[in-house]
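The first residue in the sequence is number 1, and the count goes up from there.
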Amino acid sequence: MMAIGTLSACKSGQNEETPTSGDSGEGTGELSEDTDTIGKYDFEMSDFTILSRTSTKYEFEPENENSGNLVNDKIVSRNLAVEERFKVKLVIKDAPGDDPNRSAFTTMIQTNYMAGSSEWDLVSAHGTVISPLQFRGYCTDMTKLPEFDVQKEWWSSAFYNECNFWGKLYFSLGDIAYTLYEYLEVLCVNEKAYIDNSIGEGGSVDALYDLVRNGDWTYEIFKTYVKQYACDPDAPERSYGLALNLHSWRAMLPATEMQFTYRDEGENIKLYEAVNDRMSTFYSDFRSFLFESDKVYCPNVNSNDAATQNSFFSAGRLLFYGQELGQLKRINGDIDFNFGVVPFPKYTDLQESYHTTCRNSVSAIMVPVNVSNPTMSGVITEALCMYSYRDVIPAYYEVVLTLRVIGTKNGQDMMKIIRDSFMIDFSLAYTFGFGSIHPYTVFKKALFATSDSLTSEWKNEYSGMNNALEKMYSDIIKVQVSQAGS
């Protein structure tokens, strides 16, 4: 019997270089011949039609191309570069594609599938809206598309390692859509509060960043620093050593290598049958850390709680703040103190790597199985992602984090570590494959229970979750058989 919490393999990002921007926002410069390996193609000004969810259409077509916004400018120049190089015309269409629109969006994709030839050459939407489409046979195995190369820096090889089915990948994450960065879960650090409270080694923020750089930033040290923060529980405006929300407390699980699934010898994803001692120990300690102290603010919410917690941080009432990276651009103008970002900590110093996850509403992409020109879909998708890596993402760093964060070596080093450590685990990517009860909902129920209950909760829900996982595999086998015969 396999138990939750046993790490089957280290699955961190494999990128060795991450683009960072300087004052000019000019990106990383020209791509080398070794990096840019896309061949010569002329699509004779054919339309390349992208369906984007309405809420993130800006990732492909800015609302105001002449706004002076650096990121928008880079998206426009990326699109032009792709159009001119490959002789295509990018056409961006949109439809509601977030979680509340799941049923209607799925029906629209189904109608497109039944129509014969696809209306769109590429589709982008909420990650958990996209992921179930593969089990209905609507998605192409992207590894078969010409020029698509998941091992390139601009795609997430860690995502591929975690979410492929016997090497086949039916949707992907990468730099083509910069919500991958907006939704990265990070720990924001109030450097003024850190210094004023003499946190760690005499309040030295350089020592904190050195700790991260040297691979010594651990869960125990993190807890110690949070508890060192002086906060008055009776003050009219409470301050806290740490604030977390649904997505940021969940980020602690992959960060500390607490896993719900593993791959067997046949490369099948399996669900652990029971909670092992390692997971049980972490769960109990994490509950105590969050709820048995006046230092942590962690409400039982189903959101990022930004409306409340952003104001806490911008007012200087938090030492550490677990939040999506993109929220910093919303509160940056309200902050009058120096701040930085660090990754979520390792479990212990024996853990090899940091792991940074993201909110699962990140934009994912897929290519409809019935596209009329798979070569064009592969080439243009790869090119859009490559040019985003070169130009759009460095500009995004500059706009979101400002020179206060990334204009220093500490800031640039932290962002490189965060980017290089990106991963998303199977349970988070396939939450809607599991259904309403999935591993993270079980952990959440146990986390906010009145007593330790993870072992019993997992035991109660294991059968239903395992049946859902087996159905995913049954469905994907049918899809692979069907697509092999077409």
Q) Is the Y283-F443 ring centre distance short of 6.0 angstrom? A) yes
Q.
Once salt bridge (Lys or Arg N to Asp or Glu O under 4.0 Å) is applied, do any residues pair with E457, and if so which ones, sequence neighbours excluded?
A. K445
Q. Relative to each other, are the rings of Y219 and Y347 parallel, tilted or perpendicular (30° and 60° limits)?
A. tilted
Q) Within a radius of less than 6.0 Å around CD of E201, do more than 12 heavy atoms belonging to other residues, nucleotides or ligands occur? A) no
Q) Applying salt bridge (charged side-chain N to carboxylate O under 4.0 Å, His left out), which residue pairs with at least one partner in residues 99-114 are found, sequence neighbours left out? A) D99-R102
Q) Does some side-chain heavy atom of L318 sit less than 4.5 Å from a side-chain heavy atom of L242? A) no
Q | Residue from W217, F344, F422 passing side-chain contact (heavy atoms from CB on, under 4.5 Å) with Y354 | A | W217
Q) Is there a donor-acceptor pair closer than 3.5 Å between any side-chain N or O of S118 and the backbone N or O of W120? A) yes
Q) Which atom names give the shortest non-hydrogen contact between R419 and D175, and what distance separates them? A) NH2-OD1, 3.5 Å
Q.
Using only atom types and a distance under 3.5 Å, with no angle test, would you say the side chain of S474 pairs donor to acceptor with the backbone of E470?
A. no
**Q.** Shortest non-hydrogen contact between K444 and N300, atoms and distance
**A.** NZ-OD1, 2.6 Å
Q: Spell out, as yes or no, whether a donor-acceptor pair under 3.5 Å connects the side chain of Y160 to the backbone of W155.
A: no
Q | Expected output: side-chain T308 to main-chain D305 donor-acceptor under 3.5 Å | A | no
Q. Below 4.0 angstrom, N of the basic side chain to O of the carboxylate: do D452 and R287 qualify?
A. yes
**Q.** Sidechain-backbone polar pair: Q134 side chain, S131 backbone, donor-acceptor under 3.5 Å
**A.** yes
(Q) Classify the ring geometry of F448 against F291: parallel below 30°, tilted from 30° to 60°, perpendicular beyond 60°. (A) tilted
Q: Could you label the plane-to-plane angle of the F313 and F337 rings as parallel, tilted or perpendicular, counting under 30° as parallel and over 60° as perpendicular?
A: perpendicular
Q) Residues two or more places apart in sequence or in another chain: which of them pass salt bridge (Lys or Arg N to Asp or Glu O under 4.0 Å) with D216? A) none
Q: Indicate the ring-plane relationship of Y58 and Y178, choosing parallel, tilted or perpendicular according to the 30° and 60° boundaries.
A: tilted
Q.
Are there over 12 heavy-atom neighbours, none belonging to K270, within less than 6.0 Å of that residue's NZ?
A. no
**Q.** N/O donor-acceptor pair under 3.5 Å between N101 side chain and A104 backbone
**A.** no
**Q.** Main-chain N/O of M108 paired with N112 side-chain donor or acceptor, under 3.5 Å
**A.** no
Q: Answer yes or no for R213 and Y209: cation-pi contact, defined as NZ/CZ to six-membered ring centre under 6.0 Å and angle to ring axis within 45°.
A: no
Q.
Test your reading of the model: is there a side-chain donor-acceptor pair from E162 to the backbone of F426, 3.5 Å cut-off?
A. yes
(Q) I'd like to know if the side chain of N197 reaches the main chain of Y229, judged simply by a donor and an acceptor atom lying under 3.5 Å from each other, with no hydrogens or angles considered. (A) no
(Q) Is a donor from one side chain sitting under 3.5 angstrom from an acceptor on the other, for N310 and Y321? (A) yes
Q) Where the side chain of K346 meets the backbone of A255, is there a donor-acceptor pair that is under 3.5 Å apart? A) no
Q.
Ring-plane angle category for W458 and Y462, please: parallel below 30°, perpendicular beyond 60°, tilted otherwise.
A. tilted
Q: Using the six-membered ring wherever Trp is involved, compare the ring planes of Y297 and F312 and label them parallel, tilted or perpendicular (cut-offs 30° and 60°).
A: perpendicular
Q: Please examine the side chains of S361 and D98, heavy atoms only from C-beta on, and report whether any two atoms are closer than 4.5 Å.
A: no
